[in-house]
Asks: 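Here it is, the structure in full.
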Amino acid sequence: MLPVRGRDGRVTRPVRIAGTRVAWTPIGDGEFFCSGCGGDRNYQRLTGRRRFTLLGVPVLPRGTAGPVVECAACRRHFGTDALDHPTTSRFSAMLRDAVHTTALAVLAADGTCARAALEAAAGAVRAAGFEDCAEDQLRALVEALAADTGRLFDEPCGPSLAIELHESLDPLAPHLAPAGRESLLLQAARIALADGAYTPAERDVLTTIGTALTIRAEDVGRLLAAARTPS
């Protein structure tokens, strides 16, 4: 730093003799969840070039910088892995779809589509955001699922149903707290219990749900037992 003195001899501000400056160039934009702001914000994806500066003047290139993500609101820079976190609206949609998929899987495992199970499933799906969901719609979807996969009711969770569960739950699980993952499994378990004790096929589907949610096997057993206790 080089001090700069005013006419009265006092130091007014230091001047950096040498340093590094980054010139940023936008290469993309979009919407992301900004951890600094705590909400969904627009962003620019930036790449940069470093330059050595002398008395504030860029003189020599010093390599590249970034890419980084810059929040349009707080202007903070983040690594590009910040884009892996879903936006609030995307997370809500993922959770809504997960509830719908697990409810259908449990109903398909039961096969009877008993009124109590349908009511429990429809209530869970409506609470998740599908406000117009009705019991008859779920029954039709379960029948269509069985016809499409060729799977007989009350069979163990087949490969196609397991794949569908993993496709829905695998992207969601890393963004759910342990309590959230357990809550999703408990909700599916209570749908299965709405019309009586677990069938072997229901237990198999619930175990698959627990695995997709990265819940340990011993904890899955504990939660399935806990679901039998009225809350």
Side-chain angles (χ1 to χ4, degrees), residues 33 35 38 81-114 116-130 133 138 141-142 145-146 149 151-231:
F33 179 85
S35 58
D81 57 353
L83 301 180
D84 295 336
H85 193 294
T87 62
T88 303
S89 57
R90 175 59 183 154
F91 178 78
S92 298
M94 291 166 66
L95 185 58
R96 183 179 66 236
D97 291 344
V99 172
H100 189 264
T101 300
T102 54
L104 280 179
V106 171
L107 291 174
D110 175 62
T112 61
C113 282
L118 280 170
E119 289 176 350
V125 172
R126 284 194 294 267
F130 287 110
C133 179
L138 290 179
L141 286 171
V142 170
L145 178 63
T149 60
R151 177 178 175 273
L152 298 176
F153 290 132
D154 207 34
E155 284 185 347
C157 185
S160 59
L161 188 54
I163 290 171
E164 188 166 349
L165 284 168
H166 277 280
E167 286 179 347
S168 176
L169 299 176
D170 285 355
L172 176 66
H175 306 293
L176 284 174
R181 297 196 297 271
E182 292 186 357
S183 177
L184 197 54
L185 177 60
L186 282 170
Q187 186 177 66
R190 290 179 179 128
I191 293 172
L193 290 169
D195 60 347
Y198 301 123
T199 66
E202 286 174 335
R203 186 175 287 275
D204 190 58
V205 164
L206 292 168
T207 299
T208 301
I209 292 172
T211 300
L213 290 170
T214 67
I215 300 174
R216 296 181 303 176
E218 57 267 32
D219 289 330
V220 170
R222 172 182 59 80
L223 291 166
L224 296 189
R228 295 192 181 99
T229 303
S231 57

Asks: Residues two or more places apart in sequence or in another chain: which of them pass salt bridge (charged side-chain N to carboxylate O under 4.0 Å, His left out) with Glu164?
Replies: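 Scan of Glu164 (salt bridge (charged side-chain N to carboxylate O under 4.0 Å, His left out), adjacent residues dropped) gives none.
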Asks: In Å and rounded to the nearest 0.5 Å, what is the CD1 to CG distance from Ile209 to Leu186?
Replies: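 These two atoms lie 11.0 Å from each other.
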Asks: How long is the span from the CD atom in Glu119 to the CG atom in Asp195, to the nearest 0.5 Å?
Replies: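 Answer for the CD-CG pair, Glu119 versus Asp195, is 11.0 Å.
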Asks: What distance do Thr207 atom OG1 and Glu202 atom CD have between them, rounded to the nearest 0.5 Å?
Replies: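 One finds 11.5 Å between OG1 of Thr207 and CD of Glu202.
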Asks: First locate atom CG of Leu185, then atom CG of Asp219, and finally report the distance between them rounded to the nearest 0.5 Å.
Replies: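 Spacing of CG (Leu185) from CG (Asp219) equals 10.0 Å.
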Asks: So which heavy atom on Asp170 is nearest to which on Ala212, and how close?
Replies: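 Looking at all heavy atoms of both residues, the closest pair is OD1-O, 3.5 Å.
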Asks: Evaluate the criterion side chain to side chain contact (heavy atoms under 4.5 Å, CB included) for residue pair Thr211 and Leu165; output intermediate values, then yes/no.
Replies: CA-CA 10 Å; Thr211 300; Leu165 284 168; over 6 Å; no
Asks: Kindly indicate whether the side chain of Leu172, heavy atoms from C-beta on, has any atom under 4.5 Å from the side chain of Leu184.
Replies: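 In short, these two side chains touch, coming nearer than 4.5 Å.
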Asks: Write down the atom of Ser168, the atom of Thr101, and the distance for their closest heavy-atom approach.
Replies: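 Closest heavy-atom pair between Ser168 and Thr101: OG-OG1, 3.6 Å.
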Asks: Go through the structure and list residues passing salt bridge (charged side-chain N to carboxylate O under 4.0 Å, His left out) with Arg96, not counting sequence neighbours.
Replies: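 Partners of Arg96 by the salt bridge (charged side-chain N to carboxylate O under 4.0 Å, His left out) criterion come out as none, since no residue qualifies.
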Asks: Where is the tightest heavy-atom contact between Ala108 and Val142, given as atom of each residue plus distance?
Replies: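 So the minimum-distance heavy-atom pair works out to CA-CG1, 3.8 Å.
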Asks: Does the Thr102 side chain pair with the main chain of Ala98, one donor and one acceptor, at a distance under 3.5 Å?
Replies: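 At least one qualifying donor-acceptor pair exists.
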Asks: Do any pairs count as a salt bridge (charged side-chain N to carboxylate O under 4.0 Å, His left out) and have a residue in residues 174-188, sequence neighbours left out, and if so which ones?
Replies: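 Every salt bridge (charged side-chain N to carboxylate O under 4.0 Å, His left out) pair that includes a residue of residues 174-188, provided the two are not neighbours, is Glu182-Arg222.
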Asks: Which distance, rounded to the nearest 0.5 Å, do you find between the CZ of Arg90 and the CG of Leu95?
Replies: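 Answer rounded to 0.5 Å: 11.5 Å.
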Asks: About how many Å separate CG of Leu107 and CG of Leu141, when rounded to the nearest 0.5 Å?
Replies: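 Nearest 0.5 Å value for the CG-CG distance: 10.0 Å.
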Asks: What is the minimum heavy-atom distance between Ile191 and Ala103, and which atoms define it?
Replies: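 Minimum heavy-atom contact is CD1-CB, 3.9 Å.
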Asks: For Ala109 versus Val205, what's the shortest heavy-atom pair and its separation?
Replies: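 Scanning both residues completely, I find the closest heavy atoms to be CB-CG2, 3.6 Å.
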Asks: Please check if the distance between the ring centroids of Phe130 and His100 is under 6.0 Å.
Replies: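 Here the rings of His100 and Phe130 have centres that are less than 6.0 Å from each other.
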Asks: Using modelled atom types only, decide if a donor and an acceptor are shared between the side chain of Tyr198 and the backbone of Leu206 within a distance under 3.5 Å.
Replies: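 Side chain of Tyr198 to backbone of Leu206: no pair is present.
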Asks: Determine the minimum heavy-atom distance between His175 and Pro171, stating which atoms define it.
Replies: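 It is CD2-O, 3.3 Å.
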